[in-house]
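Since the structure is predicted, the reported quantities are computational estimates derived from the model, not experimental observations. Worth knowing before you read on, the calculation uses all heavy atoms, side chains too, and leaves out hydrogens, waters and symmetry mates. Both ligands and their constituent atoms are indexed starting at 1 by order of listing.
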Amino acid sequence: MAQPLMTVQQHILEEQRRRAPQASGEFSWLLSGITLATKIIADRVRRAGLADILGSAGQQNVQGEVVQKLDVLANQALLHCLGVRGNVAIMASEENAEPIVVARDRAHGKHVVVFDPLDGSSNIDVNVSVGTIFSILRCEPDPTGTRDPMKDVLQPGANQVAAGYVVYGSSTMFVYTAGNGVNGFTLDPQIGAYVISHPNIRMPRQGSIYSVNEANADSFPEGYRRYLAHLRSGAAGRTYSSRYIGSLVADFHRTLLKGGVFLYPPTKTHPQGKLRLMYEANPIAFLAEEAGGLATDGARRIRDIQPTSLHQRTPLVVGSPAEMELLESVVSSQ
Ligand code: AHG
Ligand code: MN
Ligand code: MN
């Protein structure tokens, strides 16, 4: 082997040893719950078309199991893998109306994990990339179970201790930050491990792609329309192309590696924006900032927003410093 194999588990443990030698290793144990769940999800995603065919007769597959939608399966995988870790106090998912308290971990649980189990689910049926997004916050253990779990969940993105995503694309990649830069790992299907492939990811200072659902453009606030016209005009010193997948994870993954900007502004049908603050915008914003980019709701830094509900929506603009500075100057110029 030309280079030593560095798995995500090794990487997390080594980073911990370097930065917090007194750490208990609990955190890497928690993250390994997430990587395990995403391997299960990756396997289901890879067989999605097949499961559908096999399940078409009476909604049962060959094993006689009821075929379930992938976002339900993905949610179950995460709830199961995280719920037995021993240090997760609360789990909050896009697929569950309320946060779930892990009763057996009441005395020890110090972490809140918030996640979007399957992002971009409308792309499943057409074999286009989907993802999983997660955000990790800390909380005090609550041995007597007297605290309101919602209070522990509703923390601003600035409090995140780690965040990341998995993109189930042409390969499966795990990208995460624990506040010391962003690292990317590719799932090696031969050995079933995430192996480092993109160490210390930095977002380019400027890109040449903007990513937005342009079909909504007529109902964007005026500032956003001006901004997009400015990018198209060449005044930003670049000729821009547009790319829009419709899976936030995949659209952001491209933005992280190539630079440029992704935006989901307020629209007529979604006046508060469409994306969810706690399990879409916050983790993406943390990753973007750790890679040298920026993320706002058009006015405020995403990570400064105090959430008031678990499923609250927000406009999101995230990208390279050059495009983000331009947004600010174009929006404030009139
Ligand atoms: P989810 O599949 O988790 O509900 O997420 C949906 C998303 C997000 O991935 C994407 O950026 C956005 O919805 C796309 O929305 P439009 O189809 O309105 O462009
Ligand atoms: Mn989503
Ligand atoms: Mn989802």
message: Under 4.0 Å, heavy-atom basis, I'd like to know which part of Leu118 is in contact with ligand 1: side chain, backbone, both or neither.
response: backbone
message: Looking only at N, O or S atoms, which one in Glu280 sits nearest to the Mn ion (ligand 2)?
response: OE2
- line: The answer for which part of Ser121 has a heavy atom under 4.0 Å from ligand 1 is both
query: With backbone taken as N, CA, C and O and side chain as the heavy atoms from C-beta onward, which portion of Asn213 lies under 4.0 Å from ligand 1: side chain, backbone, both, or neither?
result: side chain
- prompt: Is the shortest distance from a Lys or Arg side-chain nitrogen in Lys69 or Glu95 to a carboxylate oxygen in the other one below 4.0 Å?
  reply: no
message: Between Arg276 (side chain only) and Ala281 (backbone N and O only), is there a donor and an acceptor less than 3.5 Å apart?
response: no
query: Is the Tyr244 ring parallel, tilted or perpendicular to the Phe262 ring (thresholds 30°, 60°)?
result: parallel
- prompt: Should the pair Arg47-Asp43 be classified as a salt bridge under the 4.0 Å nitrogen-to-oxygen rule?
  reply: yes
field: Check: Thr296 side chain, Gly298 main-chain N or O, donor-acceptor pair, under 3.5 Å
entry: yes
message: Any carboxylate oxygen within less than 4.0 angstrom of a Lys/Arg side-chain nitrogen, looking at Arg301 and Glu289?
response: yes
message: Strictly distance-based, threshold 3.5 Å: is any side-chain N or O of Thr255 a donor or acceptor partner for the main-chain N or O of Asp251?
response: yes
- prompt: Of all N/O/S atoms in Asp119, which lies nearest to the Mn ion (ligand 2)?
  reply: OD1
- request: Considering just N/O/S atoms, say which atom of Asp116 is closest to the Mn ion (ligand 2).
  value: OD2
Backbone or side-chain N/O/S of Glu94 under 2.8 Å of the Mn ion (ligand 2): no
field: Region of Asp116 that comes within reach of ligand 1 [heavy atoms, distance under 4.0 Å]
entry: side chain
- prompt: Asn216 to ligand 1: N or O pair under 3.5 Å?
  reply: no
message: Distance check below 2.8 Å: does Gly120 bring an N, O or S atom to the Mn ion (ligand 3)?
response: no
- prompt: Backbone or side chain, does any N or O of Val249 fall under 3.5 Å from an N or O of ligand 1?
  reply: no
message: For atom 15 (O) of ligand 1, what is the closest protein heavy atom, and at what distance to 0.1 Å?
response: Lys274 NZ, 2.9 Å
query: Near Ser247, which atoms of ligand 1 are under 4.0 Å from a heavy atom of that residue?
result: 9 (O)
- prompt: Does Glu280 reach ligand 1, in the sense of a heavy atom lying below 4.0 Å from it?
  reply: yes
field: Any N or O of Ser122 closer than 3.5 Å to N or O of ligand 1
entry: no
Cluster check Leu78, Phe27: I/L/V/M/F/W/Y, side chain < 4.5 angstrom: yes
Ring geometry between Tyr240 and Tyr210 (parallel below 30°, tilted from 30 to 60°, perpendicular above 60°): tilted
query: Which heavy atom of the protein is the closest neighbour of atom 19 (O) of ligand 1, given with residue, atom name and distance?
result: Tyr244 OH, 2.5 Å
message: Any carboxylate oxygen within less than 4.0 angstrom of a Lys/Arg side-chain nitrogen, looking at Arg225 and Glu214?
response: no
